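Following: one structure in structure tokens, then a few remarks.
These numbers come from a predicted model, not from an experiment. Note that these values count all heavy atoms, side chains included, but never hydrogens, waters or copies made by symmetry.
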Amino acid sequence: MDQKKGTENVLLDVDFLQKLVVGIGEVSEITGVPARKIRYWEEKGIIQSEKEGEGTTRRYNYLNIKKILLIQELVEEGYTLDSAAKKVEDRMENLNEAFRKLATLATDQKDDA
DNA sequence: GTTCTCACA
DNA sequence: TGTGAGAA
């Protein structure tokens with residue numbers, strides 16, 4: 001992590017994150033949040049999962065996982081589910097915007113030789 | 001492995 | 001707000 005990284009490495013990071021999609025069980029394991037709680041939150045409308053084609057299994061990308069993680073930490077700090085979800089969604093917009101810019105920069109600077 | 005619903009605290 | 005259990 002200390003050598004000069006080429007632009008392709010940056011692209012790999014973004015591409016890697018974008019392709020991370022797992023089931024509720026995996027999310028439950030990596031976030032420590034019980035699967036039932038995740039479904040409960042989605043039922044409340046504070047998180048959104050993606051359905052996989054014809055199957056009914058929920059799929060979660062890294063943004064969803066990050067959202068779940070953030071909300072979980074906020075709730076553990078004493079926030080109510082609603083307020084935690086509100087704060088997280090607000091922060092997610094900033095994060096997405098920053099990552100969008102990063103992806104744009106990484107894509108544009110691939111030919112400066 | 002996943003989904004749902006009913007019920008309870 | 002979050003869980004347990006049964007059933008598909």
To the nearest angstrom, how far is [X] atom [atom1] from [N] atom [atom2]?
X	N	atom1	atom2	value
A/Glu42	B/dT2	CD	P	14 Å
A/Ile47	C/dG2	CD1	C1'	14 Å
A/Lys37	C/dT1	NZ	C1'	8 Å
A/Tyr40	B/dA9	OH	C1'	12 Å
A/Lys44	C/dG2	NZ	P	9 Å
A/Glu26	B/dG1	CD	C1'	9 Å
A/Glu43	B/dA7	CD	C1'	14 Å

**Report entry** Option passing side chain to side chain contact (heavy atoms under 4.5 Å, CB included) with A/Ile65 (candidates A/Val33, A/Leu20, A/Val27, A/Ile47)
**Finding:**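 Among A/Val33, A/Leu20, A/Val27, A/Ile47, the one that satisfies the side chain to side chain contact (heavy atoms under 4.5 Å, CB included) with A/Ile65 is A/Val27.
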
From C-beta outward on [X], which listed nucleotide comes closest to its side chain: [options]?
X	options	value
A/Lys51	C/dT1, B/dT2, B/dC4	B/dC4
A/Arg58	C/dG2, C/dT1, B/dT3	B/dT3
A/Trp41	C/dG2, C/dA5, B/dT2	C/dG2

Query - Taking every non-hydrogen atom, the tightest pair across A/Met92 and A/Leu63 - result: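 Answer, listing the atom of A/Met92 first, then A/Leu63: CE-O, 3.3 Å.
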
Query raised in the report: Which atom pair, heavy atoms only, marks the closest approach of A/Ala35 to A/Ile24?
Result: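 Nearest heavy atoms, A/Ala35 then A/Ile24: O-CD1, 3.3 Å.
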
Query raised in the report: Which part of the nucleic acid, if any, lies within contact of A/Arg39, taking any heavy atom under 4.0 Å across all strands shown: a base, the sugar-phosphate backbone alone, or nothing?
Result: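 The answer is base, as A/Arg39 lies within the cut-off (heavy atoms under 4.0 Å) of a base atom.
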
Query raised in the report: Is it true that A/Arg39 and A/Glu43 have a side-chain N and a carboxylate O under 4.0 angstrom from each other?
Result: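 Here A/Arg39 does not pair with A/Glu43 in a salt bridge, since their nearest N and O are not under 4.0 Å apart.
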
Query raised in the report: Among residues 71-87 of chain A, which contact DNA chain B at a heavy-atom distance under 4.0 Å?
Result: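 Those residues whose heavy atoms fall under 4.0 Å from DNA chain B, taken from residues 71-87 of chain A, amount to none.
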
**Report entry** A/Glu42: which of A/Lys51, A/Arg36, A/Arg58 passes salt bridge (Lys or Arg N to Asp or Glu O under 4.0 Å)
**Finding:**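 Per the salt bridge (Lys or Arg N to Asp or Glu O under 4.0 Å) rule, the option paired with A/Glu42 is A/Arg58, out of A/Lys51, A/Arg36, A/Arg58.
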
Report task. Flag yes if A/Phe99 and A/Val21 sit in one hydrophobic cluster, no otherwise; membership is Ile, Leu, Val, Met, Phe, Trp, Tyr, and two members link when side-chain heavy atoms are under 4.5 Å apart. Result ->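 Each belongs to a different hydrophobic cluster.
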
Report task. Please test A/Trp41 against A/Gln72 for side chain to side chain contact (heavy atoms under 4.5 Å, CB included), starting from the C-alpha separation and ending with a verdict. Result -> CA-CA 10 Å; A/Trp41 287 356; A/Gln72 167 68 359; 3.5 Å; yes

